[in-house]
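Labels below follow one simple rule: chain letters A, B, ... track the order of the sequence lines, proteins then strands, and each chain is numbered from 1. Everything quoted here is computed from the prediction, not taken from an experiment.
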Number of protein chains: 2
Amino acid sequence: MVSIKDVARVAGVSDKTVSRVVNGEPNVTPDTMEKVQLAIADLGYIPNLAARSIRSNRTNIIGIITDFISTTPYSGDIVRGVQDWAGANGRTVLLANTDGDQKREADVWRTFKAHRIDGVLYVAMYHRVVVPAVGEVSIPTVLVNSHPEDGYAYPSIEPDDFGGSYDLTQHLISLGHRRIGYIRLNPLLLGANQRLDAFLAAAQAGGISESDLVIRLGMEGPIGRETNYVHREALDILSMPNRPTALICGNDEMALQAYLAALHLGLRIPDDVTIVGFDDFRTVSLGLKPELTTVALPYYDLGWQGADMLDQLVQGKGSETERRILKCMVVARRSSAMARAQGQTVDAVGTHN
Amino acid sequence: MVSIKDVARVAGVSDKTVSRVVNGEPNVTPDTMEKVQLAIADLGYIPNLAARSIRSNRTNIIGIITDFISTTPYSGDIVRGVQDWAGANGRTVLLANTDGDQKREADVWRTFKAHRIDGVLYVAMYHRVVVPAVGEVSIPTVLVNSHPEDGYAYPSIEPDDFGGSYDLTQHLISLGHRRIGYIRLNPLLLGANQRLDAFLAAAQAGGISESDLVIRLGMEGPIGRETNYVHREALDILSMPNRPTALICGNDEMALQAYLAALHLGLRIPDDVTIVGFDDFRTVSLGLKPELTTVALPYYDLGWQGADMLDQLVQGKGSETERRILKCMVVARRSSAMARAQGQTVDAVGTHN
DNA sequence: ATTTCAATTGACGACGTCGACATTGGTGCC
DNA sequence: GGCACCAATGTCGACGTCGTCAATTGAAAT
């Protein structure tokens, strides 16, 4: 591999001068600069970052630790946000996945430290409470899509599940819905409670009595291997004699199953029942017809801004305890509509849209 | 940061001896070894890989270049396969995303070279023909989920779209289906043609005349911004007076829309119509009820084996032109069933399952 | 002409690690 | 005892880069 000295020799200058050119330092004659640049181009010289980092104690590498990278399809957006930030700021991204395994996580930390990376973005693919397995030496770390357990101080950045869910519920109430069904996420996920709490709060604020709410558990069990009750529960809720006019699903994947259940029962969406989801997981939310009203999670921004927070931290400017919350926007699409008087029988075959 | 010399000083030995212990070299007294290990633990010493790589000219880092990492939800599995291989073989993974942009791609190559990584896995998130923008100096590269344009030699690893599609079609034929609908992928994708060709070949081999096949285009336009005709086409096909008894969709996302169309028309799956997909994108294939018969793409293995091929290449043992094809398995679930008599037309085959 | 000063360039060493080689001390053998 | 040999350990330098500081040059100021 061609080194700075090779360039120096070819250009007929000292290695230091080449270094100056490469790093854009001042006080280099246009003449020599040209010579050097020519030599660089000729030889295809590219600076060795490892060597550079040895001297500077900065690698410009940030690490991402994920738990279940491929299990959830959203993950990509967070990672992409980080990558784009990195690309825009001259950093490189080291990626590691733990599969939620403690031992692997420890290995990953060790490896990252061995690479002397500047900082770590600890990305939990489900919004929940985590404690990174930090060892003796510590690296600046920001938790993304999660927050630390009590007693541990890490800056974190999270989506505003509560706000999003509150707004979504309000959206339905403003459309005139007074009986609303709710299918819960796996309670292990932090978002699950926040979303449910917000739902209840918004319903109460909207003057809806608890008896008009139908709340069911959609999933439970360890993350990645949960049992799924959604389809069954949706069928059940939508078969009630006095069925809700709207059904909120813990996320879009659940909404998919609710759609199928509704269609299976011959109900039209949104004419007979409004169905909404959460996440704006676009394969589903745009794939469903009519397209799904849902709440967009700011995954990309979580990644981008998380990287930015980390950068602050690395530069000693960030706060050790900052907790940033990103807004979640309701995306109103065609699956939600005004509540209507509830007909008795509906023809199974509806109209095209 | 604590270095090998700090450890040496604390342990009362030379740095070289510490190096020996760290690297498991022979000829160290159990006694000294213990002293050294104690010092390492005390100080929390972790070897500096950058320094190591400077000497050894090996970084043990492999790079992944992706084009549309988050656009497609499968991507994660390929990356995870690579990561798991890396974890199992003491390598680290550097990740970069180009968004399909030439300029960014050039930057990425440059950055990777600057890091002196051992090799690159060029992962195209859609199976298609690519040419990595290699510069002057070249890094060992393996194409994953894609293959090089004519005239360029890179080893590659790809899924057997043809075989999978052939088997899937045969599966339907063996269930008695004689009129089959087919909704095509975006023709820009390499898999699109392979899957269609295999479908036609299998149909012909099964003695089905072309006039009993209904083939429609489901999507077209630039990747990431395509126009989607699937729902409309599915409605259209399933509304035909003499409609197919089975509908093959270019991928699972398309199958989702076909489901919705079928349900919308009051058709039951699989009783009235069999619907199958491709990809085994589990959010969809398991989320749909009944669960979707589809073809599993070996994404994880693509990643794992791709990494392994790359490793061979790096070690000078691999072939520059190997083209490895991984089998795609039909995953028969409940969305496909025996063809049945339908409406006006009577079909000989008519058992329930 | 001499001095002063700034601009330009180079020599050198250090970063952390490990390969090549040297040194030390002990063991076994005649 | 003398010698060969080997195990254990250390010394030194090089990898590629860049910070520090010195050297050189030329031009402006006196």
[X] has an atom [atom1]; how far is it from atom [atom2] of [N], in whole Å?
{"X": "B:D31", "N": "D:dA7", "atom1": "CG", "atom2": "P", "answer": "18 Å"}
{"X": "A:H115", "N": "C:dG16", "atom1": "NE2", "atom2": "P", "answer": "17 Å"}
{"X": "B:N27", "N": "C:dA22", "atom1": "CG", "atom2": "C1'", "answer": "15 Å"}
{"X": "B:R116", "N": "D:dC15", "atom1": "CZ", "atom2": "C1'", "answer": "12 Å"}
{"X": "B:D15", "N": "C:dT17", "atom1": "CG", "atom2": "P", "answer": "9 Å"}

(request) Could you check B:A51 against B:P26 and say which one's nearest nucleotide on DNA chain D is further toward the 5' end? (result) B:P26
(message) By nearest heavy atom, map B:N57 and A:E25 onto DNA chain D; which one lands nearer the 5' end?
(response) B:N57
(request) Look at the side chain of A:K16 against the base of D:dG19 and say whether a donor-acceptor pair falls under 3.5 Å; ignore hydrogens and angles. (result) yes
(message) Looking at A:R20 and D:dG19, is any side-chain donor or acceptor paired with a base atom of the opposite kind under 3.5 Å?
(response) no
Under-4.0 Å side-chain N/O to phosphate OP1/OP2 contact, [X] with [N]:
{"X": "B:T32", "N": "D:dT9", "result": "yes"}
{"X": "A:R55", "N": "D:dG19", "result": "no"}
{"X": "A:S3", "N": "D:dC15", "result": "no"}
{"X": "B:S14", "N": "D:dT11", "result": "no"}
{"X": "B:N23", "N": "C:dC18", "result": "yes"}

(message) Do the side chains of A:K103 and A:D107 get close enough for a salt bridge, i.e. N-O under 4.0 angstrom?
(response) yes
(request) Answer yes or no: is there an ion pair linking A:E158 with A:R324, defined by an N-O contact shorter than 4.0 Å? (result) no
(message) By nearest heavy atom, map A:K5 and A:M33 onto DNA chain C; which one lands nearer the 5' end?
(response) A:M33
(message) Let me spell it out: for each of B:P47 and A:G12, pick the nucleotide of DNA chain C with the closest heavy atom. Which residue's pick is nearer the 5' end?
(response) A:G12
